[in-house]
Amino acid sequence: MKLLEGIKILDISNRLPGPLAAKILRDLGAEVIKIEDKNKRDPFAMPLGNTKDLTFNRWYKNINQDKNIIYFDYKSPKDQSEIKKLIQRVDGIILSLPPHLQDILGLSQNQIEKLDQQIAVVSLSAQKECKNAMHDLNALAETQILNIYTNQIDKKIINPPFI
């Protein structure tokens, strides 16, 4: 038996930090249900820009391979209702949606607090209003770890470190 067996996590995040956290929970035994807006997919699900670079697409597939992925139309009242029902069946949520979309889908802090259950919510935010959110590279720069990496390289253009 794995540590988190029997725990259900709803992954409503994209790009890297949220999906990677959900993958780790999945590896520990949690059942992870990832939902995406079928009209605005995770940017990592497609090749980078108009190039044939599949790096992010490969990350997307690797990070999400053991998750149950369900596609909803976030603008559809029927799908909004289905998402609200799904929320009532999980133990935790990894969330990275703008506040207005959280409200529409029943995921705002006030809406979750009104539920008749306890749900752990990790909210990843990178909005103008949220000054404490940062990307991995920002965290490396803030802690001066990025300087250690870049000081060892004698090039004008430096590839970002892989974490």
Side-chain angles (χ1 to χ4, degrees), residues 1-48 54-127 129-140 142-143 145 161-163:
M1 182 171 171
K2 291 191 174 184
L3 181 65
L4 297 180
E5 202 165 301
I7 300 294
K8 285 186 182 183
I9 303 295
L10 190 59
D11 178 6
I12 313 173
S13 63
N14 56 44
R15 291 191 172 83
L16 184 61
L20 180 58
K23 178 194 183 329
I24 293 168
L25 296 175
R26 174 70 186 109
D27 291 346
L28 291 170
E31 176 187 347
V32 177
I33 303 162
K34 178 174 177 61
I35 67 170
E36 289 187 27
D37 186 343
K38 63 181 165 186
N39 298 312
K40 189 176 179 190
R41 300 270 320 275
D42 186 324
F44 276 20
M46 277 43 105
L48 183 60
L54 297 175
T55 304
F56 290 120
N57 181 258
R58 289 182 185 123
W59 286 356
Y60 174 87
K61 288 178 181 175
N62 180 274
I63 289 171
N64 295 298
Q65 68 184 350
D66 294 324
K67 299 174 187 175
N68 178 16
I69 303 177
I70 305 171
Y71 301 97
F72 290 105
D73 178 351
Y74 288 179
K75 295 179 181 176
S76 159
K78 180 182 178 225
D79 284 0
Q80 292 168 8
S81 177
E82 290 300 313
I83 292 169
K84 289 173 186 173
K85 288 178 190 173
L86 193 56
I87 292 166
Q88 296 175 12
R89 299 188 347 239
V90 299
D91 302 294
I93 300 172
I94 297 175
L95 178 64
S96 66
L97 294 174
H100 75 280
L101 201 48
Q102 290 177 28
D103 287 336
I104 291 169
L105 300 177
L107 290 161
S108 72
Q109 183 174 346
N110 289 337
Q111 291 164 314
I112 290 174
E113 287 174 356
K114 290 179 183 175
L115 295 174
D116 201 21
Q117 72 194 73
Q118 291 188 350
I119 299 177
V121 179
V122 174
S123 183
L124 308 167
S125 180
Q127 322 295 317
E129 309 82 40
C130 184
K131 302 294 184 199
N132 61 350
M134 62 175 70
H135 190 275
D136 302 344
L137 290 175
N138 299 102
L140 288 173
E142 287 286 323
T143 59
I145 294 172
F162 286 98
I163 303 168

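We count residues from 1, following the sequence as given.
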| task | Report yes if some heavy atom in the side chain of Gln80 is under 4.5 Å from a heavy atom in the side chain of Ile104; otherwise report no. | result | yes
| Can you check whether Tyr74 reaches Leu97 side chain to side chain, under 4.5 Å on heavy atoms? | yes
| Within a strict 4.5 Å, meaning less than it, do heavy atoms of the Pro19 and Lys67 side chains meet? | yes
| Just wondering, do Lys75 and Asn39 contact through their side chains at under 4.5 Å, heavy atoms? | no
| Does Asp11 reach the main-chain N or O of Ile33 with its side chain, forming a donor-acceptor pair under 3.5 Å? | no
| note | Output for pair (Gln109 CD, Gln102 CD), nearest 0.5 Å, gives 9.5 Å
| If you look at every heavy atom in Asp66 and Arg26, which pair is closest and at what distance? | O-NE, 3.0 Å
| query | Do the side chains of Ile94 and Leu25 get nearer than 4.5 Å, heavy atoms only? | reply | yes
| So which of Ser123, Ser13, Pro17 actually passes side chain to side chain contact (heavy atoms under 4.5 Å, CB included) with Ser96? | Ser13
| message | Going by the rule salt bridge (Lys or Arg N to Asp or Glu O under 4.0 Å), which residues pair with Lys85 if we only count those two or more places apart in sequence or in a different chain? | response | Glu82
| query | Are the side chain of Asn62 and the backbone of Arg58 linked by a donor-acceptor contact shorter than 3.5 Å? | reply | no
| query | Which heavy atom of Leu107 sits nearest a heavy atom of Ile12, and at what distance? | reply | CD1-CD1, 3.5 Å
| Inter-residue atom distance Ile93.CD1 - Lys8.NZ, 0.5 Å rounding | 13.0 Å
| request: Mind checking the NZ-CG spacing from Lys2 to Asp27? Nearest 0.5 Å is all I need. | output: 6.5 Å
| Any side-chain heavy atom of Lys38 sitting closer than 4.5 Å to one from Asp73? | yes
| said: With a 6.0 Å cut-off (strictly less than), is the heavy-atom count around CD of Gln118, excluding the residue itself, greater than 12? | reply: no
| field | Value rounded to 0.5 Å, distance of CD1 in Ile7 from CG in Asp91 | value | 4.5 Å
| said: Can you tell me how far apart CG (Leu10) and CG (Leu86) are? Round to the nearest 0.5 Å. | reply: 5.0 Å
| field | Exceeds 12 heavy-atom contacts within 6.0 angstrom, atom NZ of Lys84 | value | yes
| Going by heavy atoms in the side chains, are Leu4 and Ile9 under 4.5 Å from each other? | no
| request: Grab the two heavy atoms, one from Gly106 and one from Ile87, that are nearest each other, plus how far apart they are. | output: O-CD1, 3.7 Å
| remark: Taken to the nearest 0.5 Å, the spacing of Lys34 NZ from Asn64 CG works out to 5.0 Å
| query | Take atom CD in Gln111; do more than 12 heavy atoms of anything else shown fall under 6.0 Å from it? | reply | yes
| query | Hey, mind stepping through Leu16 and Ile63 against side chain to side chain contact (heavy atoms under 4.5 Å, CB included) and telling me if it holds? | reply | CA-CA 8 Å; Leu16 184 61; Ile63 289 171; 3.3 Å; yes
| note | In short, Arg89 meets Gln117 closest at the heavy-atom pair N-NE2, 4.4 Å
